[in-house]
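See below for the structure under consideration.
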Amino acid sequence: MKSFDLKYVQMKNQGAIPIDIYLAAKADQLDGISRIRLLRQIFDLSLTEAKEVSIIADGTSLAAHNERIADALEKALADDPEPEKTTHQ
């Protein structure tokens with residue numbers, strides 16, 4: 001465990017929930033990946049659970065986030081023509 005993590009462990013021990021610690025780490029200027037790792041380490045969250053906390057803490061609903069991902073995927077698939085089929089002899 002990194003030494004700076006002790007602050008967040010103490011917060012948890014005092015009753016802080018994952019979103020509280022995520023926002024504190026963000027205020028401390030930890031990057032997004034580090035904040036997700038921190039949540040996973042301190043709260044034993046899955047990657048999906050920690051990502052959900054980050055989405056909500058950053059002010060986005062999960063539905064809106066998923067809709068943006070679906071739209072981007074749809075666009076990417078529309079922009080990418082099917083590869084040509086090759087025949088093997």
Smallest separation among heavy atoms of [X] and [Y], with atom names:
X: I19; Y: A57; answer: CG1-CB, 3.6 Å
X: L38; Y: A25; answer: CD2-CB, 3.8 Å
X: V9; Y: I42; answer: N-CD1, 4.0 Å

Run the salt bridge (Lys or Arg N to Asp or Glu O under 4.0 Å) test against K26 and tell me which residues pass, sequence neighbours left out. D58
Donor-acceptor pair, side chain of R35 and main chain of L30, under 3.5 angstrom: yes
Tell me whether E49 contacts the main-chain N or O of S46 through its side chain, where contact means a donor paired with an acceptor under 3.5 Å.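 Present.
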One should read off an interatomic distance between N13 CG and L6 CG, to the nearest 0.5 angstrom, of 9.0 Å
Drop me the distance from M11's CE to I17's CD1, to the nearest 0.5 angstrom.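 Answer rounded to 0.5 Å: 10.0 Å.
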Is it true that D28 and Y8 share a donor-acceptor pair across their side chains at a distance under 3.5 Å?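 There is such a pair between these side chains.
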Identify, with sequence neighbours excluded, every residue that meets side-chain contact (heavy atoms from CB on, under 4.5 Å) alongside L47. I36, R40
Non-neighbouring partners of D31 that pass side-chain contact (heavy atoms from CB on, under 4.5 Å), sequence neighbours left out: I33, S34
Pairing residues for T48 by the side chain to side chain donor-acceptor pair (under 3.5 Å) criterion, not counting sequence neighbours: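 Once residues adjacent in sequence are excluded, T48 has no partner under the side chain to side chain donor-acceptor pair (under 3.5 Å) criterion.
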State, with a plain yes or no, whether a side-chain heavy atom of I21 is found less than 4.5 Å away from one of F43.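 They are in contact (side-chain heavy atoms under 4.5 Å apart), so the answer is yes.
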